[in-house]
There are 2 protein chains.
Amino acid sequence: MPDQGDVPQPTINRLPVYLRILKAAAREGLETLSSSDMERRTGISSDQIRKDLSYFGEFGKPGTGYSVATLLGRLMNIMGLDREQPAMIVGAGNLGAALTGYPGFAEWKFRVAAVYDNNWSKIGRRLWDLEIWDIQGMAQRNRKMGIEIGIIATPAEAAQAVADTMIKAGVRSILNFAPIRLEVPARIAVRNVDMTLELHVLSYRRKEKDRTAQPPKRTKPQ
Amino acid sequence: MPDQGDVPQPTINRLPVYLRILKAAAREGLETLSSSDMERRTGISSDQIRKDLSYFGEFGKPGTGYSVATLLGRLMNIMGLDREQPAMIVGAGNLGAALTGYPGFAEWKFRVAAVYDNNWSKIGRRLWDLEIWDIQGMAQRNRKMGIEIGIIATPAEAAQAVADTMIKAGVRSILNFAPIRLEVPARIAVRNVDMTLELHVLSYRRKEKDRTAQPPKRTKPQ
DNA sequence: TAGATTGTTAATCGATTAACAATC
DNA sequence: TAGATTGTTAATCGATTAACAATC
């Protein structure tokens with residue numbers, strides 16, 4: 001197997017897509033899937049798919065394709081999804097509440113195991129089945145819990161301080177919903193979900209589309 | 001000004017970042033910003049910034065930099081953010097509720113003007129200051145309202161049908177929070193916000209980091 | 001003027017696509 | 001065996017980075 005250090009980021013971003021369609025195929029009872037089958041389900045070219053998978057090993061059988069069960073298992077392992085992943089959320093506002101209760105997380109072994117806030121009126125109250133804890137006590141609490149995934153659902157102003165606190169408490173991966181660029185040590189992985197930014201891009205694209213005639217073709221790269 | 005049709009997608013994705021730091025600079029009372037100043041605030045190289053802006057015109061003055069007010073105004077115009085943008089949300093669950101009340105939208109002229117659901121127990125109730133409408137009536141209602149931005153906050157199973165309904169009702173841009181690839185005509189712009197996918201990428205990155213020694217350097221591309 | 005910074009051209013880098021020998 | 005499909009090498013494409021003449 002090649003060194004995973006040099007896997008291109010676009011490839012890594014596509015792995016979860018493969019995971020998802022493999023899971024669907026497994027549910028449908030399919031035993032194998034060729035790269036062309038996968039192209040049909042993902043919109044990603046079969047060439048690209050074979051290339052992506054080849055970074056991690058040889059999983060397919062010429063003439064047949066990929067065993068759904070095997071590839072699913074291997075990818076889960078490669079991505080570290082073969083054991084449960086506890087996460088903490090900071091920010092018990094509307095967004096934090098929605099994320100804490102989001103059913104899509106549990107489906108993939110992510111479990112929100114702690115919710116923190118700095119607001120006295122929220123600390124001690126319940127959010128779903130969790131008590132909201134004081135962010136001040138995070139370092140202490142997390143010594144025992146050892147959560148390594150942090151989700152930031154606070155306003156932009158608070159986000160950097162929250163990130164710093166998380167990192168001190170042992171968090172190594174951050175999913176940031178605040179519209180701000182976090183400064184973190186290089187060893188910390190950060191992904192940003194920036195909803196306003198996405199709307200801005202849409203706003204631009206819409207203007208752009210006004211000027212070009214449209215062939216009525218379905219399905220396109222997004 | 002060059003044809004905007006051939007502006008690279010990565011460039012378009014960076015425009016909102018420029019917008020954001022320009023707004024911040026304006027608040028701070030700064031009159032001009034050089035591409036190097038912008039690099040400091042965004043983490044995007046000054047070369048890249050100048051290149052990106054050059055797709056749309058010549059906004060800077062050699063030796064001085066860019067006028068904050070002018071560039072901000074021009075970018076707002078280029079991105080279609082100089083007038084208010086009404087949006088509709090479908091799915092009045094936890095996520096839909098959080099998005100409807102999300103303060104970050106209003107700050108950039110996006111206004112949630114309609115909320116739809118298909119659940120009888122929700123239709124007719126209020127969400128913030130909006131009544132939840134029956135999705136069945138969307139086409140009819142939107143004839144009058146003319147909303148062109150749709151936000152999908154439903155479970156994956158419902159998302160494709162919702163997208164189809166939106167498009168029939170005149171929506172041209174879709175922000176999709178459901179973890180599924182939407183099939184839409186090419187003239188429709190789609191952006192996906194896939195929170196589980198982001199967690200998966202983090203999960204992989206974390207594994208990756210385990211194997212490589214880390215120089216303790218702050219600030220890096222995310 | 002001298003120093004700073006732009007806009008653009010050329011060089012580099014990296015990812016995607018095409019092609020095909022190997023193999024089931 | 002013949003047909004299908006893989007894994008990989010080579011060709012292409014497109015974006016980023018470097019360099020610099022033009023200009024304030």
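So you know, we letter chains A, B, ... as the sequences are listed, proteins then strands, and number each from 1.
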Pairing of B:R41 and B:E28 as salt bridge, 4.0 angstrom limit:
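Yes.
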
Write down the distance between [atom1] ([X]) and [atom2] ([N]), rounded to a whole number of angstrom.
| X | N | atom1 | atom2 | value |
| --- | --- | --- | --- | --- |
| A:F59 | D:dG7 | CZ | P | 9 Å |
| A:Q48 | C:dT17 | CD | P | 6 Å |
| B:Q9 | D:dA15 | CD | P | 10 Å |
| B:R50 | C:dT6 | CZ | P | 6 Å |
| A:L33 | D:dT6 | CG | C1' | 14 Å |
| B:E58 | C:dT5 | CD | C1' | 13 Å |
| B:D37 | C:dT5 | CG | P | 7 Å |

Complement of C:dA22, any strand, by Watson-Crick or G-U distances under 3.5 angstrom:
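With both distances under 3.5 Å, C:dA22 matches D:dT5.
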
Please report the interatomic distance CZ(B:R187) to OG(B:S173), rounded to the nearest 0.5 Å.
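It is 11.0 Å, given to the nearest 0.5 Å.
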
Rounded distance (nearest 0.5 Å) linking atom OH of B:Y204 with atom CG of A:L75
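Going from OH on B:Y204 over to CG on A:L75, the span is 11.0 Å.
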
Please state whether the phosphate of C:dC24, meaning OP1 or OP2, lies under 4.0 angstrom from any side-chain nitrogen or oxygen of A:Y66.
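No.
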
Quick check on C:dT6: is either OP1 or OP2 less than 4.0 Å from any side-chain nitrogen or oxygen of B:S35?
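Checking B:S35 against C:dT6: at least one side-chain N or O falls below 4.0 Å of OP1 or OP2.
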
Tell me which nucleotide among [options] gets nearest to the side chain of [X].
| X | options | value |
| --- | --- | --- |
| B:S45 | D:dA15, D:dT8, D:dT17 | D:dT17 |
| A:D47 | D:dT17, D:dG7, C:dT17 | C:dT17 |
| B:S54 | C:dG7, C:dC24, C:dA15 | C:dG7 |

Using the rule given for side-chain contact (heavy atoms from CB on, under 4.5 Å), can you reason through B:F105 versus A:T196, listing the C-alpha separation, both sets of side-chain angles and the distance that settles it, and then say yes or no?
CA-CA 6 Å; B:F105 289 161; A:T196 315; 4.2 Å; yes

